[in-house]
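What follows is a short report on a single structure.
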Amino acid sequence: KKVIFSGAQPTGVLTLGNYLGAIQNWKSFEDTYNCLYSIVDLHSLTVRNNPKEFKNACLSLLAQYLACGLNPDKNTIFFQSHVPQHSELAWILNCNTYMGELNRMTQFKDKSAQHKDNINAGLFTYPALQAADILLYQTNLVPVGQDQKQHLELARDIAIRFNNNYGETFTIPEIYTPKMGAKIMSLQQPEQKMSKSDENPNGTILILDEEKRLTKKMKKAVTDNEGVIRYRDEQPGVKNLITIYSKLTELSVEEIENKYDGKGYGHLKVDLAEIVTDTFRPIQEAYANYMDDLSYLEKIYTEGALKAQDLAEDTMKKVRKNIGLV
Ligand code: TYM
């Protein structure tokens, strides 16, 4: 079976963007690929966290993965920090990645502008750790949202260079982004991506938002003065709502446009709020149950780590040998 790797950071509750851009697709691969889905806790150390809250956020993200339907019998689900080979390979890849390459990363530029008081070395070398995550498992395909493309292109460049310098070591990973929903936009600023760290909470829908809150955010969504429900770049707010609608109902854009022909934005928003609520309700119920059963979570992440460690160690043996470590 071909291998899939992906992950999300435990920096808060998953957004509708995370769900549609990534998690929803992850599930669709579980029967045809050997899938590894990690909670990339080491990546989140690049920002300051309260240790107690952080630990809780890590367990919560595991419960969110499961609640979103990732089946632990079919997928390997684990904490990145439980597989020390990630850190080991990250160091080696750091030594094979140029400052110039890391300097070009837009996420580094954005994050260092946001956290001026904590522009740490880890934030800078973040993409090398991400490359290690992927290359460690001889990954063939990496399903992500649009915003991760630049990091993945760098991971490919690093792998190609490494293979050229030290002989065939890594599989070169392909990038997978969904045709629709690879970049869900903020409900308040539809020219910006929906993000956990948005300073305006109304722009972001979280998978654990309760119905009232969710409906309020949806009703407040920024649209325009055109007054027609059309999927086009001139109407970024409406386009975003149609995208979300289409992804959750599997109705085509055309079917949605026809359905709302001659109707107002309010109508679309109320219906969409209901659709999103209906999607998240079972996830929220499952989430509450998982969070009540920490021993089950422990069983899942322990088994996941053992499986991942085995695979990771196979690659590390090859890496150590190829670079000449005794
Ligand atoms: P993170 O935690 O920011 O996001 C997790 C996944 O959600 C996608 N995503 C979106 N998709 C569509 N619309 C949006 N508004 C939106 N916001 C986020 C992201 O593209 C991502 O797929 N660096 C990564 C985590 C990571 C990783 C990896 C991913 C670490 N190692 C190896 C893949 C492979 C990150 O911060 O994702």
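Remember, it's 1-based here, ligands and their atoms both numbered in the order they're listed. Position 1 is the first residue of the sequence; numbering continues from there.
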**Study point:** Heteroatom proximity flag, Gln9 to ligand 1, N/O under 3.5 Å
**Key:** yes

Practice item. Answer whether the closest heavy-atom distance between the side chains of Leu268 and Lys263 falls below 4.5 Å. Key: no

**Study point:** Nearest candidate to atom 8 (C) of ligand 1, where distance is taken over non-hydrogen atoms, out of Leu16, Asn18, Asp133, Thr15
**Key:** Asn18

Review point. Do other residues, nucleotides or ligands put more than 12 heavy atoms under 6.0 Å from the NZ atom of Lys2?
Key: no

Review point. Is a side-chain donor or acceptor of Gln80 paired with a backbone partner of Ser38 at a separation under 3.5 angstrom?
Key: no

**Study point:** Ligand-residue contact atoms, ligand 1 with Gly21, heavy atoms, under 4.0 Å
**Key:** 11 (N), 12 (C)

Practice item. Would you check the N or O atoms of Tyr126, main chain and side chain alike, for any that come under 3.5 Å of an N or O of ligand 1? Key: yes

Review point. Are Tyr65 and Tyr37 close enough that their ring centres sit under 6.0 Å apart?
Key: no

Check your understanding: Hey, looking at atom 34 (C) of ligand 1, which of Val142, Ile4, Ile23 has the closest heavy atom?
Key -> Val142

Practice item. Check the pair Leu61 / Asp41 against side-chain contact (heavy atoms from CB on, under 4.5 Å), numbers first and verdict last. Key: CA-CA 10 Å; Leu61 186 55; Asp41 46 6; over 6 Å; no

**Study point:** Atom indices of ligand 1, in the order listed, that fall short of 4.0 Å to a heavy atom of Ile134
**Key:** 32 (C), 34 (C)

Revision key, fill the gap. One should read off an interatomic distance between Arg161 CZ and Leu93 CG, to the nearest 0.5 angstrom, of 10.0 Å

Exercise for review: Could you list which atoms of ligand 1 come closer than 4.0 Å to a heavy atom of Ala182?
Suggested key: 11 (N), 12 (C), 13 (N)

Exercise for review: Could you tell me whether Met194 and ligand 1 have an N or O pair separated by under 3.5 Å?
Suggested key: yes

Practice item. Identify, with sequence neighbours excluded, every residue that meets ring pair (Phe, Tyr, Trp, His ring centres under 6.0 Å) alongside Phe5. Key: Tyr137

Practice item. Check whether any N or O atom of Val40, backbone or side chain, sits under 3.5 Å from an N or O atom of ligand 1, and answer yes or no. Key: no

Revision key, fill the gap. Which of Lys183, Lys193, Lys196 passes salt bridge (Lys or Arg N to Asp or Glu O under 4.0 Å) with Asp147? Answer is Lys193

Check your understanding: So, Asp224 side chain and Glu226 main chain: donor-acceptor pair closer than 3.5 Å or not?
Key -> yes

Exercise for review: Report, in ascending order of atom number, the atoms of ligand 1 lying under 4.0 Å from any heavy atom of Gly181.
Suggested key: 12 (C)

Exercise for review: Just jot down the ligand 1 atoms closer than 4.0 angstrom to any heavy atom of Lys183, in number order.
Suggested key: 12 (C), 13 (N)

Practice item. Return yes or no for this condition: an N or O of Asp147 is under 3.5 Å from an N or O of ligand 1. Key: yes

Point to revise | Side-chain H-bond candidate by donor/acceptor type, Asn25 with Ser28, under 3.5 Å | key: no

Exercise for review: Please confirm whether the backbone N or O of Asp233 pairs with a side-chain atom of Lys239, one donor and one acceptor, at under 3.5 Å?
Suggested key: no

Point to revise | Proximal atoms of ligand 1 relative to His43 (non-hydrogen, under 4.0 Å) | key: 30 (C), 31 (N)

Review point. Looking only at protein heavy atoms, which one is nearest to atom 13 (N) of ligand 1, and how far off is it?
Key: Ile184 N, 2.8 Å

Revision key, fill the gap. Ranked by distance from atom 27 (C) of ligand 1, the top protein heavy atom is Gln130 NE2, 3.5 Å

Study note, to complete from the structure: Restricting to heavy atoms, the pick from Gln192, Lys111, Lys193, Gln148 nearest atom 37 (O) of ligand 1 would be Gln148

Study note, to complete from the structure: Of Ala22, Ala8, Ser38, Gly17, the one whose closest heavy atom lies nearest atom 14 (C) of ligand 1 is Gly17

Show which side-chain atoms of residues 203-213 pair as donor or acceptor with protein atoms under 3.5 Å away, not counting sequence neighbours.
residue, atom, partner, partner atom, Å
Thr204, OG1, Ser195, O, 2.9
Asp209, OD2, Leu206, N, 2.9
Asp209, OD2, Lys217, NZ, 2.7

Review point. To the nearest 0.1 Å, how far is atom 25 (C) of ligand 1 from its closest protein heavy atom, and which atom is that?
Key: Gly7 O, 3.7 Å

Review point. Judging by distance only, is a nitrogen or oxygen of Gly145 under 3.5 angstrom from one on ligand 1?
Key: yes

Study note, to complete from the structure: Closest to atom 32 (C) of ligand 1 among protein heavy atoms sits Phe5 CE2, 3.4 Å

